[in-house]
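Numbers for residues simply follow the sequence, beginning at 1. Any value given below was found using the heavy atoms of this structure, including those in side chains, with hydrogens, waters and symmetry copies removed.
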Amino acid sequence: MLIGELAERAGTSTRALRYYETHGLVRPARSANGYRVYDEAELHVVREIRSLLAVGFGLDDIRPFVACLRAGNAAGHVCPDSVAVLRRKLAEVDAGIARLHVVRQELRDQLAHARKQREETCLRLRTPPSSP
């Protein structure tokens with residue numbers, strides 16, 4: 001298939017495919033006239049790339065998954081190098097979640113403090129001054 005058909009079937013652009021190619025992730029054959037020609041295996045590779053990009057992996061992180069597919073595996077996540085990337089990415093996500101929990105608690109605390117301050121201000125404004 002030509003680059004336009006691959007792009008359409010993979011749900012991406014021809015520009016993205018050329019970008020993946022410049023990073024060594026996609027390997028087209030070349031026809032006699034120089035056109036890029038892709039087989040079904042490249043469609044599987046591009047779909048893997050797109051799914052990993054969608055969940056936050058960078059191109060360097062994706063390389064082991066593509067290598068795993070090129071080694072003949074049905075899925076890119078079954079090889080040891082891919083598993084190592086998954087573990088590292090999971091640790092990054094867990095750390096990000098922990099940071100977000102801290103931020104959420106800080107925001108809750110500030111909001112509670114703001115409500116308390118507002119209630120105290122409103123109460124002072126409603127209470128008449130006491131006479132000596």
Looking at every non-hydrogen atom in both residues, tell me the closest pair between Ala10 and Val46 and how far apart they are.
CB-CG1, 3.5 Å
Taking every non-hydrogen atom, the tightest pair across Glu48 and His77:
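Scanning both residues completely, I find the closest heavy atoms to be OE2-N, 4.2 Å.
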Any sub-3.5 Å donor-acceptor pair from [X]'s side-chain atoms to [Y]'s backbone N or O?
X	Y	result
His101	Gly96	no
Arg36	Leu2	no
His23	Tyr19	yes
Lys89	Val55	no
Thr14	Ile3	no

Does any non-hydrogen side-chain atom of [Y] lie less than 4.5 Å from one of [X]?
X	Y	value
Leu25	Glu21	no
Leu59	Leu53	yes
Leu107	Val103	yes
Val85	Pro64	yes
Val37	Met1	no
Tyr20	Val45	no
Ile49	Val26	yes
Cys68	Val78	yes

How far does [atom1] of [X] sit from [atom2] of [Y], to the nearest 0.5 angstrom?
X	Y	atom1	atom2	result
Arg47	Leu52	CZ	CG	14.5 Å
Leu90	Leu86	CG	CG	8.5 Å
Asp39	His44	CG	NE2	12.0 Å

Under 3.5 Å, is there a donor-acceptor pair between the Gln117 and His113 side chains?
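Indeed, the side chains of Gln117 and His113 share at least one donor-acceptor pair under 3.5 Å.
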Which ILVMFWY residues are connected to Val93, directly or by a chain of links, through side-chain heavy atoms under 4.5 Å apart?
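Joined to Val93, directly or through intermediates: Ile97.
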List the steps, then state whether side-chain contact (heavy atoms from CB on, under 4.5 Å) holds for Val66 with Ile62.
CA-CA 6 Å; Val66 171; Ile62 292 171; 3.8 Å; yes
With sequence neighbours excluded, what pairs up with Phe65 under the ring pair (Phe, Tyr, Trp, His ring centres under 6.0 Å) test?
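For Phe65 the ring pair (Phe, Tyr, Trp, His ring centres under 6.0 Å) partners, ignoring immediate neighbours, are Phe57.
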Test of understanding: with ring pair (Phe, Tyr, Trp, His ring centres under 6.0 Å), list the residues that count as partners of Tyr35, not counting sequence neighbours.
none
Kindly state each residue pair satisfying side chain to side chain donor-acceptor pair (under 3.5 Å) with at least one member in residues 63-73, sequence neighbours excluded.
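The answer is Glu42-Arg70, Asp60-Arg63.
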Checking Arg27 now: which residues fulfil salt bridge (charged side-chain N to carboxylate O under 4.0 Å, His left out) with it, not counting sequence neighbours?
none
Residues pairing under salt bridge (Lys or Arg N to Asp or Glu O under 4.0 Å) where one sits in residues 100-118, two or more places apart or in two chains, turn out to be none
